[in-house]
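Numbering of ligands and ligand atoms starts at 1, following listing order.
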Amino acid sequence: MSTIAFIGLGNMGGPMAENLLKVGHKVQVFDLSADALARLQQCGAVVAETAVAAVAGAEYVITMLPAGKHVAAVYLDPDSGVLAHIDSKALIIDCSTIDVETVKTVAAAASAAGVAMIDAPVSGGVAAAAAGTLTFMCGGSEEHVDKARDVLGDMGKAIFRAGDHGAGQVAKMCNNMLLAVHMAGTAEALQMGVNNGLDPAVLSEIMLASSGRNWSLEVYNPYPGVMENAPASHLYKPGFMVQLMLKDLNLAMENSRATGSKVPMGSCAKKLYQSQSEVGADALDFSSVLQQLIPDS
Ligand code: NAD
């Protein structure tokens, strides 16, 4: 068993850290939220007063933070950054979903300080974090990704190496852009069928047996009442929130500009999710994008 520092104990990081405790790791935690710290303390974590204290003696340092600026600050802030305090034999695993540039900046600073790092963003939401069934998409050397497998395996069911630093974020960005596109396309097709008088359940069955079959239709039908377990049948209670999909699409759009990638479908999906956010649906499940496609009455 290992000594692991875990920084960022929110909706995802909290249950991930709990799973590490369940298998017997020593987990030293830090978060800005006293409530989050109290919850983890009850599960047996060692609560640190600062992020720097959390990394003392840790063999792995895991971060699960909202965005690139938080990750950069936690590692590199001249006053409170932890990088200078991490053991040179330790491995940094950043599981946050952030921009590729920040990954490369932190990885280069870590390398200059003699510390190894990988990016390892996840697929699967809060339920998968709690169940320990996340998918990790890693960027970094083979040696370091292999080293990370020991602890990532305690929080997830699938671990992929996509390439070097930042490649995990690229894989996640591509996957979520495609998810946004096929969810919007599925919602559009179902709503058009309904506008023509079709039963969305019958149309779903037809498309599932035809070439329109896709993951959104198979397990996450966006039309209310078609699939009992889908968020659409529970007033779009998330699930995966509109605001998180929009965050991922914004990262994809930024990256497409930086790399000259042509993403007309992703860009169109982003506009739909942006409109859904602007009507106050940020906290609804992302399949609620169907509401943007209902004809004006
Ligand atoms: P969250 O807002 O619930 O949690 C973030 C935590 O980070 C909070 O507890 C906050 O207090 C803490 N934090 C912020 N700045 C800090 C600092 N400087 N030092 C210590 N703690 C700090 O977010 P979340 O839903 O857990 O998401 C975390 C990451 O995982 C994000 O990058 C998100 O995009 C990604 N993600 C989320 C989901 C999901 O369904 N929620 C799914 C996949 C990936």
Side-chain angles (χ1 to χ4, degrees), residues 5-19 27-41 45 47-55 61-83 85 92-100 102-103 106 119-138 152 155-158 168-169 171-177 179-180 183 220 231 236-252 254 273 282-287:
F6 206 117
I7 301 171
L9 308 164
N11 292 322
M12 296 294 289
M16 288 165 71
E18 268 187 55
N19 282 331
V27 186
Q28 303 175 169
V29 295
F30 180 70
D31 193 289
L32 299 177
S33 153
D35 286 350
L37 288 172
R39 269 196 303 278
L40 265 294
Q41 191 165 34
V47 168
E49 296 270 305
T50 61
V52 166
V55 304
V61 175
I62 302 179
T63 35
M64 191 52 162
L65 295 161
K69 64 180 180 188
H70 306 96
V71 173
V74 163
Y75 286 105
L76 307 180
D77 184 90
D79 299 321
S80 58
V82 299
L83 185 55
H85 303 272
I92 295 172
I93 306 174
D94 179 42
C95 295
S96 327
T97 301
I98 64 170
D99 57 289
V100 175
T102 300
V103 174
V106 176
D119 51 302
V122 305
S123 179
V126 177
T133 56
L134 292 167
T135 295
F136 290 92
M137 308 173 196
C138 304
L152 296 182
M155 300 182 286
K157 65 169 174 26
Q169 299 294 347
K172 160 107 190 178
M173 201 163 52
C174 293
N175 179 71
N176 279 25
M177 185 172 75
L179 170 62
M183 178 55 81
Y220 216 99
Y236 294 107
K237 184 171 174 286
F240 181 50
M241 286 189 282
V242 166
Q243 64 181 11
L244 290 176
M245 177 53 94
L246 196 50
K247 174 195 161 187
D248 291 352
L249 287 169
N250 278 323
L251 287 172
E254 267 170 42
Y273 283 99
D282 262 341
L284 292 186
D285 185 75
F286 81 112
S287 57

Region of Ile7 engaging ligand 1 - heavy atom pairs below 4.0 Å: side chain
Which residue and heavy atom of the protein sit nearest atom 30 (O) of ligand 1, plus the separation: Met64 CE, 3.1 Å
Numbered atoms and elements of ligand 1 in range of Leu244, under 4.0 angstrom, heavy atoms: 39 (C), 40 (O), 41 (N)
Contact atoms of ligand 1, heavy-atom distance to Gly8 under 4.0 Å: 7 (O)
Short N or O distance, Ser96 and ligand 1, threshold 3.5 Å exclusive: no
Polar side-chain atom of Asn175 near backbone of Ala171 as donor-acceptor pair, under 3.5 Å: no
Asp94-Ser96 side chain donor-acceptor pair, cut-off 3.5 Å: yes
Per-atom contacts of ligand 1 with Gly124, taking only distances under 4.0 Å to non-hydrogen atoms: 42 (C), 43 (C)
Atom pair CG (Asn176) and OG1 (Thr97), whose distance is rounded to the nearest 0.5 Å: 7.5 Å
Proximity to ligand 1 by part of Lys172, non-hydrogen separation under 4.0 Å: side chain
Any donor-acceptor pair under 3.5 Å from Asn11 side chain to Val126 backbone: no
Distance-only N or O hit between ligand 1 and Thr97, under 3.5 Å: yes
Identified side-chain contact (heavy atoms from CB on, under 4.5 Å) counterpart of Ile98 within the set Val103, Leu65, Thr63, Val106: Val103
Identity and separation of the nearest protein heavy atom to atom 2 (O) of ligand 1: Pro66 CG, 4.4 Å
Per-atom contacts, ligand 1 versus Gly125 - under 4.0 Å to a heavy atom: 40 (O)
For Ala130, all residues meeting side chain to side chain contact (heavy atoms under 4.5 Å, CB included), sequence neighbours excluded: Pro15
Closest approach of any protein heavy atom to atom 18 (N) of ligand 1, naming residue and atom: Val74 CG2, 3.6 Å
Main-chain N/O of Gly132 paired to Lys157 side chain as donor or acceptor, under 3.5 Å: no
Shortest protein contact, atom 31 (C) of ligand 1 (heavy atom only): Leu65 O, 3.4 Å
Residue-ligand contact Pro238/ligand 1, heavy atom below 4.0 Å: no
Protein heavy atom at shortest distance from atom 4 (O) of ligand 1: Gly10 CA, 3.2 Å
Plane angle bin for Phe286 and Phe240 - parallel if under 30°, tilted between 30 and 60°, otherwise perpendicular: perpendicular
Met12 side chain reached by Leu134 side chain, heavy atoms, under 4.5 Å: yes
Protein residue, atom and distance nearest to atom 11 (O) of ligand 1, heavy-atom basis: Asp31 OD1, 2.6 Å
Side-chain donor/acceptor of Lys247 to backbone N/O of Pro66, under 3.5 Å: yes
Shortest protein heavy-atom distance from atom 3 (O) of ligand 1, along with the residue and atom involved: Asn11 N, 2.9 Å
Main-chain N/O of Val82 paired to His85 side chain as donor or acceptor, under 3.5 Å: no
Val122 neighbourhood, listing ligand 1 atoms whose heavy-atom distance to it stays under 4.0 Å: 43 (C), 44 (C)
Lys69, NZ: over 12 other non-hydrogen atoms inside 6.0 angstrom: no
Atom 23 (O) of ligand 1 protein-contacted, heavy-atom criterion under 4.0 angstrom: no
Atom 26 (O) of ligand 1: nearest protein contact (heavy atom, Å): Met12 N, 2.9 Å
Side chain, backbone, both or neither: the part of Lys247 lying under 4.0 Å from ligand 1 by heavy atom: side chain
